[in-house]
Amino acid sequence: MKALIFDLDGVLVDSAKYHYLAWKALADKLGFEFTEKDNERLKGVSRMKSLEILLEIGGVIMSDDAKEAAATEKNDLYRSYIAKMTPDEILPGVEDFLKEVKAAGIKTAIGSASKNTPLILERTGLAKYFDAVADGTMVSKAKPDPEVFLKGAELLGVEPSECIVFEDAEAGVEAAHNAGMKAVGIGSPTTLGKAEMVIPNFVGFRLDKLKF
Ligand code: BG6
Ligand code: MG
């Protein structure tokens, strides 16, 4: 193993709450209820696909132009929230693990669907831990397609088989496998059962626990 590739939302930072608030504001405007449970369906899913799921929940039909406008409106609100993020919003245990990884000379990349990745990395101070960033601005195919993880490996100059991916979404674990990489699931074994290893979070997690 030469490199570790990390999903961002739900793995390194808890940004799901901001996605939820921004999608909920749109649902409120359109006149239907959107719950936190509904929001689970949007984790790891691209912006446009998320909107389509939201509209399906509300039974709302929209033209393509209206969808573009709604996605932009949601993103503007979302960005106003994440623009105020601080390092306190890095998930527990993450920074200690990243410090150990860097000290061990292991390469690191971000592999995230989010086009807002640079803003989050900057606001939280996480940018310094990564040698490369592959994000939603560089790929056209969403997870479970392996594109974003393959891009990460390419930017790092390592073979996919030399990478391990950290993911909180089922589609992300599948994307890692489709890239020929092993995956560590962050969350519950019920949803992430296909990963080679599942941990609840990074608290107390160390490199010597990375065993497959
Ligand atoms: C993923 C999130 O990381 O990025 C999804 O889990 C989100 O919820 C997707 O929809 C796209 O993010 P953005 O910031 O480009 O709208
Ligand atoms: Mg995620």
Side-chain angles (χ1 to χ4, degrees), residues 1-17 19-20 36-37 39-46 49-50 53 90-102 104 106-114 117 120-121 126 129-136 138-139 141-156 158-212:
M1 180 266 293
K2 285 195 186 151
L4 301 181
I5 304 184
F6 297 80
D7 173 48
L8 177 66
D9 294 311
V11 170
L12 303 179
V13 292
D14 176 19
S15 45
K17 61 186 178 209
H19 279 295
Y20 173 63
E36 285 195 55
K37 188 161 171 275
N39 192 56
E40 288 298 309
R41 289 179 60 191
L42 309 189
K43 286 188 178 169
V45 175
S46 74
K49 183 79 187 138
S50 296
I53 295 172
I90 299 172
L91 286 167
V94 164
E95 263 197 295
D96 284 345
F97 181 61
L98 289 173
K99 280 177 191 158
E100 188 197 10
V101 169
K102 293 319 292 171
I106 295 168
K107 290 184 181 180
T108 51
I110 295 283
S112 168
S114 174
T117 296
I120 294 179
L121 291 180
L126 279 170
Y129 295 111
F130 295 94
D131 303 304
V133 176
D135 69 22
M138 299 169 191
V139 297
K141 287 173 257 162
K143 299 170 188 176
D145 189 280
E147 190 180 11
V148 78
F149 292 138
L150 292 175
K151 185 78 197 165
E154 183 196 318
L155 292 171
L156 291 175
V158 297
E159 291 300 320
S161 60
E162 296 170 326
C163 300
I164 294 173
V165 166
F166 291 83
E167 254 295 345
D168 70 315
E170 198 180 355
V173 170
E174 279 176 41
H177 290 164
N178 290 336
M181 302 174 182
K182 291 197 166 94
V184 179
I186 309 294
S188 151
T190 324
T191 44
L192 302 168
K194 287 189 192 136
E196 276 72 16
M197 185 179 170
V198 181
I199 56 174
N201 53 53
F202 281 100
V203 176
F205 190 70
R206 294 289 173 268
L207 274 173
D208 63 9
K209 293 190 178 161
L210 261 186
K211 290 195 187 98
F212 295 105

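Computed over heavy atoms, backbone and side chain alike; hydrogens, waters and symmetry mates excluded. Position 1 is the first residue of the sequence, and the numbers go up from there.
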Minimum heavy-atom distance A183-A195, with the two atoms named: O-CB, 3.5 Å

Point-to-point distance, once rounded to the nearest 0.5 Å, from NZ of K43 to CG of D168: 6.5 Å

Please confirm whether the backbone N or O of F97 pairs with a side-chain atom of E100, one donor and one acceptor, at under 3.5 Å? no

Over 60° means perpendicular and under 30° means parallel, so tell me whether F6 and F130 are parallel, tilted or perpendicular. perpendicular

Shortest non-hydrogen separation from F149 to A179 and the atoms involved: CB-CB, 4.3 Å

Sub-4.5 Å side-chain heavy-atom contact between V11 and F202: yes

Test item: I106 and L4 side chains (from C-beta on) under 4.5 Å apart, heavy atoms: yes

Should the pair E167-K143 be classified as a salt bridge under the 4.0 Å nitrogen-to-oxygen rule? yes

Spacing of S188 atom OG and I199 atom CD1 [to the nearest 0.5 Å]: 13.0 Å

Mind checking the CZ-OG spacing from R41 to S50? Nearest 0.5 Å is all I need. 10.5 Å

Could you go step by step and tell me if D96 and R206 meet the side chain to side chain contact (heavy atoms under 4.5 Å, CB included) rule? CA-CA 9 Å; D96 284 345; R206 294 289 173 268; 4.1 Å; yes

Close side-chain approach of I120 and V13, heavy atoms under 4.5 Å: yes

So, using side chain to side chain contact (heavy atoms under 4.5 Å, CB included) as the criterion, who are the partners of D131 when residues are at least two apart? K102, K107, T108, L156

Quick one about S112 and S114 (side-chain donor to acceptor, distance below 3.5 Å, no hydrogens or angles considered), yes or no? no

Among side-chain atoms of D9 and S15, is any donor-acceptor pair under 3.5 angstrom? yes

Please test V133 against T117 for side chain to side chain contact (heavy atoms under 4.5 Å, CB included), starting from the C-alpha separation and ending with a verdict. CA-CA 8 Å; V133 176; T117 296; 3.8 Å; yes

Contact check, side chains of V165 and V184, non-hydrogen atoms, under 4.5 Å: no

Looking at every non-hydrogen atom in both residues, tell me the closest pair between A169 and G44 and how far apart they are. CB-CA, 4.2 Å

Closest non-hydrogen atoms of Y20 and N39, given as atom of the first, atom of the second and distance, are CB-ND2, 3.4 Å

Does a side-chain heavy-atom distance below 4.5 Å link L91 with N201? no

Can you tell me how far the CD atom of E147 sits from the CG atom of L150, to the nearest 0.5 Å? 8.0 Å

Any pair counted as salt bridge (charged side-chain N to carboxylate O under 4.0 Å, His left out), so long as it reaches residues 172-182, sequence neighbours left out: E174-K194

For the residue pair F205 and F166, does the interplanar ring angle fall in the parallel (under 30°), tilted (30 to 60°) or perpendicular (over 60°) class? perpendicular

Donor-acceptor pair, N178 side chain versus P144 backbone, under 3.5 Å? yes

Keeping the roles fixed (side chain from E162, backbone from M1), state whether a donor-acceptor pair exists under 3.5 Å. no

Evaluation steps, side chain to side chain contact (heavy atoms under 4.5 Å, CB included), between L12 and I110: CA-CA 10 Å; L12 303 179; I110 295 283; 3.6 Å; yes

Please report the interatomic distance OG1(T191) to CD(E40), rounded to the nearest 0.5 Å. 8.5 Å

Closest non-hydrogen atom pair between P189 and V198, with its separation: N-CG1, 3.8 Å

Quick check: closest heavy atoms across A153 and C163, and the distance to 0.1 Å? CB-SG, 3.9 Å

Ionic contact status for K151 with E154, cut-off 4.0 Å: yes

